[in-house]
Amino acid sequence: MGALEGRVTVITGAGRGIGREHALLFAAEGASIVVNDLGGSNAGEGADAGPAQQVVDEIIAAGGKAVANTENISSWDGAKGLVQQAIDEFGRLDVLVNNAGILRDAFIPGMEESQWDAVINVHLKGHFAMLHHAAAYWKAQSKAGDQPNAAVINTASGSGVTLPNAGQANYGAAKAGIAALTLIAAEELDRYGVRVNAIAPIARTRLTLATPGMGALMAEPDEGEVDLFSPANISPLVAYLATEKCPITGVVYAVQGGAISRLSGWHDTETIETDGVWQIDDIAGRLPS
Ligand SMILES: NC(=O)c1ccc[n+]([C@@H]2O[C@H](COP(=O)([O-])OP(=O)(O)OC[C@H]3O[C@@H](n4cnc5c(N)ncnc54)[C@H](O)[C@@H]3O)[C@@H](O)[C@H]2O)c1
């Protein structure tokens, strides 16, 4: 029996890259998958039903269960339709993997409103729209006396939580927001039987190959070498976090090249105090920097 036997799972952006590997592994482990992908370019332009359908065909050819969905997950109604499709096709929803993503890098003075909006929409709003509609379904289930054993796995990035990456103000801000959203959602949804975690992955995909300097870091391995930076090496962690038996919630993990690290967020490192009213000079002389 697979580790995810019978788990009904929605995976966004599962037509390519890391999401595709999640879909193939989840299906091989017995999950029923709604494979979502809009099929656009790296920058999120255009649409193509091909990538989602190809992954579905591959899963079905291997004996698994999957259906395709080509909604834009940054659309409120598109996200709602995606959750509803899982319920209509497979009778329920157990796991949501928020993975879809795009890049529109630019330095702040030259970043256009459309570049900011597109990246915030796909990543931050897309994560929230999916989370909202899935959470509403799980809350209703819980209130009806059928407590879910559900899991959400979000996709953050080092460029937002560990490494301020110049040229990615839009992307890093969205990914930092996704990490915060994960912790808040874990607090809120525990009562409905929903665990919420996130990953900050690094793997060789079209997104990283298009990022200056990243391609060299993740070169194809020589024959016989283990391919640590394959996107397939990200999916086992996500699959574990999706299992019924996993107890973990409210954690963001970095996963890259054979290492998995538990990340910790903003915390106090040094404090100055006063007994009275703050004075500018007092702050200037004592403020940690
Ligand atoms: N590859 C890495 O090293 C890396 C590093 C940090 C974070 N990430 C994150 O991992 C996730 C997957 O990235 P990837 O590297 O596999 O990229 P990818 O481009 O190979 O795959 C992303 C998929 O998302 C789909 N997509 C984009 N916008 C969509 C939308 N609005 N609705 C539905 N589908 C949409 C695309 O069509 C694409 O197939 C992203 O969230 C990315 O930010 C990746």
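Whatever order the structure lists ligands and atoms in, that order sets their numbers, starting from 1.
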[X] and ligand 1 - part of the residue with a heavy-atom distance under 4.0 Å:
| X | answer |
| --- | --- |
| Val122 | side chain |
| Asn72 | both |
| Arg204 | neither |
| Ile73 | both |
| Thr205 | side chain |
| Arg20 | neither |
| Ala156 | backbone |

Just by modelled atom types, is the [Y] backbone N or O under 3.5 Å from a matching donor or acceptor in the [X] side chain?
| X | Y | result |
| --- | --- | --- |
| Arg16 | Gly13 | no |
| Arg104 | Asp117 | no |
| Thr12 | Asn99 | yes |
| His123 | Asn121 | no |
| Arg195 | Cys246 | yes |
| Asn170 | Gln115 | yes |
| Lys175 | Thr155 | yes |
| Gln53 | Gly50 | no |

Numbering the atoms of ligand 1 from 1, which are under 4.0 Å from a heavy atom of [X]?
| X | result |
| --- | --- |
| Tyr171 | 6 (C), 7 (C), 8 (N), 9 (C), 42 (C), 43 (O) |
| Glu71 | 32 (N), 33 (C) |
| Asn36 | 33 (C), 34 (N) |
| Ile202 | 3 (O) |
| Ile102 | 27 (C), 28 (N) |
| Gly39 | 37 (O) |
| Thr155 | 9 (C), 10 (O), 11 (C), 41 (O) |
| Ala100 | 24 (O), 26 (N), 29 (C), 34 (N), 35 (C), 41 (O) |

* Within-shell test, Pro201 vs ligand 1, heavy atom, strictly < 4.0 Å -> yes
* Check if Pro231 has a non-hydrogen atom at a distance under 4.0 Å from any atom of ligand 1. => no
* Quick one: are Trp138 and Leu96 in side-chain contact, heavy atoms under 4.5 Å? -> yes
* Are Val8 and Leu131 connected in the hydrophobic side-chain network, where two residues link if heavy atoms are under 4.5 Å apart? -> yes
Using distance alone, decide if ligand 1 has a nitrogen or oxygen within less than 3.5 Å of any nitrogen or oxygen in [X].
| X | value |
| --- | --- |
| Arg16 | yes |
| Ser74 | no |
| Leu38 | yes |

* Could you check atom 19 (O) of ligand 1 against the protein and tell me its nearest heavy-atom contact, residue, atom and distance included? => Arg206 NE, 2.7 Å
* Asked: Which heavy atom of the protein is the closest neighbour of atom 2 (C) of ligand 1, given with residue, atom name and distance?
  -> Thr208 CG2, 3.4 Å
* **Pairing of Glu220 and Arg204 as salt bridge, 4.0 angstrom limit** => yes
* Test applied, side-chain contact (heavy atoms from CB on, under 4.5 Å); reference residue, Ser230; option that passes from Asp227, Leu228, Ile234 -> Asp227
* To do: Verify the distance criterion only: is there a donor paired with an acceptor across the side chains of Ser75 and Asp77 at less than 3.5 Å?
  => no
